[in-house]
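Just so it is clear, the model here is predicted, and its values are computed rather than measured.
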Amino acid sequence: MVVVQTIKDSILKNYQLLLIFLGNKSALKMAISVVMGVAFSISVILATIGIMDGFVKSLRQGLARSSGELIIHSESGFFNYDNELKSVFESYNVKNQAPVIVTEGFLITGETSKGVLVKGIDSSFAKVTGLNITPVEGEVVIGKELALALSLVKGDSVVIAFANGNEQFSTLPLLIRLKISEIVEHGIYQKDLRFVYINQKTLQESLKLEGKVNTVLLNVPSVSGDARTNAGDNRDDSEIITNFRAKLIQTLPFDMVVKPYWSEYEYIVDAVKVEKNIISLILQLVVIIAMFNVLAFLIYLREDNLKELFLLRALGLSGKGVVKIWAILVAIIGPVSCGLSIVFVKFFDYCLRSWDIFKLPGDVYTLGGPLKISLELNDYLFVFGVSLVWLILVVFIISWRFRNHPISGGLRKEFA
C-alpha cells in the first residue's frame, strides 16, 4: 500500500507541474503543433519504407501468381514430363507441380494484332499459382491490360497465330480461333499485357507435340515436408526456395534450367532494397528538423515560465527535478507522436489505394495495380527507436543548456 500511495503521489505531483507549464492556451497550441510535426516526420519515413516494401511484396506476389515458386525448362526443347521429371519431384515430396507449354504467337482481332506469350495449361496450373483458370477446348483466357489495349470483353472471338504451319502449307502460320472465357489480372503490367492461356491438349494437338511440354512450374515443400499451396503469399520464402533449388539442380538432368519466380525482376528487387536504405537515412533530416521544434518548444516553456520555475526552486525543487519535467514532456511527446504517425500512415495508404492521382503507369513502374503501404513490426520498431534516440538527445541538450543558463540570470534579464 505504501508503494502504491507513493506512486500516486508522484503522478499527482508531476501532473500538477505539467499544468503549470501547459496551463495557458498558447503553450498548449504549440505543444499540439510540435506533436503533429514530429508525427508527420515519422509517418513520412514509415510511408516511404512501406511503399517500397509494398512494391516488392506486390511484385513478388504478381510474379508467383503467374509462374509458381520455381520455373523449370529444358535447353533441349520439349520433353516428356511424365517419364523424365515427375518421379524426381515426387521423391522430394513436391505436391503441387504443373507441366506447361510456353510458346510465342500473335493474338489477332479484326485488323489489330499483338505479340503474346501463349501458355498451354491444365487444371494443375491453378493449384500451383492460385490463378483460378482452366480454359477448356475452344476457349482462351487473356490478361486485363491486353483486353483494354484491344478493347476486348468476355465472349469475344479472337485468332491466335503461331509461326509454324501445317505439313502441306509449312510457310503459312497456324491459326486457331478461340473464344475469350475470362479476363485475368496478375498484378504485373507486362504479364497482364502479354500472357494468354489456352487448353494444353488443344495446343499440343495443334503443334503436334505428342503430349510433350517445355516448362514445369512447382511450389516447393515446406521445411516440415508438408505441401504448400498457392505461391506468392506473405512469407519471406526466399531462403526456402533457394535451398530447395540447389538440391533440385543436383538431381535433374544437366540440360534442365531451374529459376526462382523472382529471377526475371531480381534487379528491380535489389535496387529497391538499396534505395530504401539510402532514402531512410536521408529522411532522418526531416525528423531532425522536427526535433529542433521540440527543442524550441522546451526553451519557450522555460522562458515563458521563469517566474514559476524560480518560485518552485525557492520552494525546494532541485535542478534534477526541473530536468525531470522536461524528460516527462518529451516522454509524452514521443509515444503520442508515434501513435499519431500510425494514423497518418493509414491515411496515406488509403490515398494511394483509392485516389487516381496516385496511380502510377504500369508500363513504367511494372505493377498493374495501385501502390500500397506494407509495414511489419520491425519497421515500426526501427523508426520509432531512432526517433526515441533523437528525443533523448533533445533532453540532454536542453539539460546542458539550462544548466549553463541559471534561472536567476533569466530573471535579471527579464526585469532589467
| Looking only at side chains, do H186 and D192 share a donor and an acceptor under 3.5 Å apart? | yes
| More than 12 heavy atoms of other residues, nucleotides or ligands under 6.0 Å from CZ of F344: is that the case? | yes
| Are more than 12 heavy atoms from other residues, nucleotides or ligands located less than 6.0 Å from atom CG of N132? | no
| Does a salt bridge link D53 with K57, judged by any charged N lying under 4.0 Å from a carboxylate O? | no
| task | Report yes if some heavy atom in the side chain of M36 is under 4.5 Å from a heavy atom in the side chain of L340; otherwise report no. | result | yes
| Check: P135 and I121 side chains under 4.5 Å, non-hydrogen atoms | yes
| Does OH in Y92 sit with more than 12 non-hydrogen atoms of other residues, nucleotides or ligands closer than 6.0 Å? | yes
| Got F384 and I342 here, is their nearest side-chain heavy-atom distance under 4.5 Å? | yes
| task | Fit a plane to each ring of Y197 and F195, take the angle between them on a 0 to 90° scale, and name the class: parallel (under 30°), tilted (30 to 60°) or perpendicular (over 60°). | result | perpendicular
| task | Could you tell me which non-hydrogen atom of I183 sits nearest to which non-hydrogen atom of K154, and how far apart they are? | result | CD1-N, 4.1 Å
| field | Under 3.5 Å donor-acceptor, E69 side chain and V220 backbone | value | yes
| Under a 4.5 Å cut-off applied to non-hydrogen side-chain atoms, are H73 and K259 in contact? | yes
| query | What salt bridge (Lys or Arg N to Asp or Glu O under 4.0 Å) pairs are there with at least one residue in residues 98-125, not counting sequence neighbours? | reply | none
| request: Measure from the side-chain N and O atoms of S206 to the backbone N and O of L203, and report whether any donor-acceptor pair falls under 3.5 Å. | output: no
| said: Keeping N80 on the side-chain end and G211 on the backbone end, is there a donor-acceptor pair under 3.5 Å? | reply: no
| query | Nearest heavy-atom pair of A39 and S337: which atoms, and what distance? | reply | CB-O, 3.3 Å
| request: Might you confirm whether atom CZ of F40 has over 12 heavy atoms from other residues, nucleotides or ligands at distances under 6.0 Å? | output: no
| said: Is there a side-chain contact between K212 and I101 in this structure, where contact means two heavy atoms from C-beta onward sitting under 4.5 Å apart? | reply: no
| request: State, yes or no, whether a side-chain contact exists between V94 and P221 at a heavy-atom distance under 4.5 Å. | output: yes
| Side chains of Y81 and Q97: does their closest heavy-atom pair fall under 4.5 Å? | yes
| remark: The residue among D379, V386, L283 that forms side-chain contact (heavy atoms from CB on, under 4.5 Å) with I45 is L283
| Option among I241, I240, L248 that satisfies the side-chain contact (heavy atoms from CB on, under 4.5 Å) test with F244 | L248
| task | Among residues two or more places apart or on two chains, list those pairs meeting salt bridge (Lys or Arg N to Asp or Glu O under 4.0 Å) that have a residue in residues 330-346. | result | none
| query | Do the non-hydrogen side-chain atoms of V38 and N293 ever get within less than 4.5 Å of each other? | reply | no
